[in-house]
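Data block below; observations after.
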Amino acid sequence: MKLEATVEIRRTPEEVWAYLSDVSNVSKWDRGVAETRSASNTAPGVGFEFDTLGYPRKGERRQERGKMSYRISEADPASGCAIQLTSRDGNARFFDTAEWRFKVEPASDGARVICAVIFKLRFPYVLMAPIFFLTRGAIRSDLENLKRVLDWTEMPG
């Protein structure tokens, strides 16, 4: 299954790419991420691994906050980046494979960000496909958050 959304941001593609390339920024625009943590001794780029933590539900301990683990499998300003889900428990249990792809390209007033989520559900969860399809607006919502954050963020330089 593939879900995709696009947003235009009044920043240069280089500024948007730099912001997206810093995984510590994810919690500033992804409504489901409270915190990110490096899980790797490598520099950001291909092979870099990180975890996202969700907001805790009532009664959850801090380390149980919807942890999801990822690995950057592609990272190139011209062709985009790919981020693969590597965890298998928690919400990740639904997916046989899952990958987020981001591409930043020039647009008339700045940059166009294209985000695609490509995933295959595990057999016991294939009946949930319509639910995932109905939540495709969540990607658009996160991209709109990214746009708002970048509209208000002073970029270095």
Side-chain angles (χ1 to χ4, degrees), residues 1-9 13 16-105 111-150:
M1 179 174 258
K2 180 179 179 180
L3 306 175
E4 187 173 288
T6 303
V7 70
E8 290 194 14
I9 299 173
V16 174
W17 178 261
Y19 190 83
L20 282 173
S21 296
D22 183 349
V23 297
S24 69
N25 289 327
V26 173
S27 62
K28 297 173 185 169
W29 59 270
D30 186 317
R31 77 210 174 302
V33 175
E35 179 184 348
T36 58
R37 292 191 290 209
S38 172
S40 166
N41 292 329
T42 63
V46 174
F48 182 75
E49 295 182 352
F50 65 98
D51 299 324
T52 60
L53 299 173
Y55 293 95
R57 293 182 183 161
K58 188 174 181 171
E60 279 185 330
R61 294 178 303 167
R62 183 175 172 88
Q63 64 268 27
E64 296 174 345
R65 295 183 299 157
K67 179 182 167 189
M68 302 281 273
S69 299
Y70 302 92
R71 178 183 310 110
I72 298 174
S73 59
E74 296 174 32
D76 180 67
S79 61
C81 75
I83 303 163
Q84 295 177 332
L85 179 67
T86 59
S87 52
R88 295 283 182 201
D89 55 359
N91 288 340
R93 72 186 181 280
F94 301 124
F95 305 103
D96 188 28
T97 60
E99 178 179 79
W100 283 252
R101 293 193 150 279
F102 290 90
K103 183 166 173 87
V104 180
E105 56 189 29
R112 179 177 302 108
V113 178
I114 304 160
C115 174
V117 180
I118 305 157
F119 60 91
K120 181 178 175 188
L121 294 170
R122 288 186 175 179
F123 179 72
Y125 304 106
V126 294
L127 295 176
M128 294 177 67
I131 295 168
F132 281 99
F133 183 75
L134 292 173
T135 62
R136 68 190 181 279
I139 300 167
R140 175 78 181 162
S141 177
D142 286 340
L143 288 182
E144 288 294 332
N145 287 340
L146 175 65
K147 177 183 175 81
R148 277 190 288 279
V149 167
L150 285 173

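Each residue takes its place number in the sequence, starting with 1.
Rounded to the nearest 0.5 angstrom, M68 CE and D89 CG are separated by 9.0 Å. Taken from CD1 in I9 to CG in L143, the straight-line distance is 7.5 Å, to the nearest 0.5 Å. In this structure, CH2 in W29 is found 11.0 Å from OG in S141, a value given to the nearest 0.5 Å.
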query: Run the ring-ring contact (aromatic ring centres under 6.0 Å, His included) check on F132 and F95 step by step: do they pass?
result: CA-CA 11 Å; F132 281 99; F95 305 103; 5.5 Å; yes

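Each of T52, T86, D51 was scored for a side-chain hydrogen bond (donor to acceptor under 3.5 Å, both in side chains) with S69, with one residue passing: D51.
Checking S40 against T42 by side-chain atom types alone, a donor-acceptor pair falls below 3.5 Å.
Under the 3.5 Å distance criterion, the side-chain polar atoms of S73 are left unmatched by any main-chain donor or acceptor of Q84. Under the 3.5 Å distance criterion, the side-chain polar atoms of R88 are matched with a main-chain donor or acceptor of D96. With hydrogens and angles disregarded, no donor-acceptor distance shorter than 3.5 Å links the side chain of K67 to the backbone of G90. At distances below 3.5 Å, not a single donor-acceptor pair connects side-chain atoms of K147 with backbone N or O atoms of V7. Panel note: side chain D142, backbone D30; no donor-acceptor pair is recorded below 3.5 Å.
Between F102 and W17, a ring centre-to-centre spacing not shorter than 6.0 Å is recorded.
No more than 12 heavy atoms of other residues, nucleotides or ligands shown are found within 6.0 angstrom of CZ on R71.
The cationic group of R136 lies under 6.0 Å from the six-membered ring centre of F133 and within 45° of the ring axis, placing it in a cation-pi geometry.
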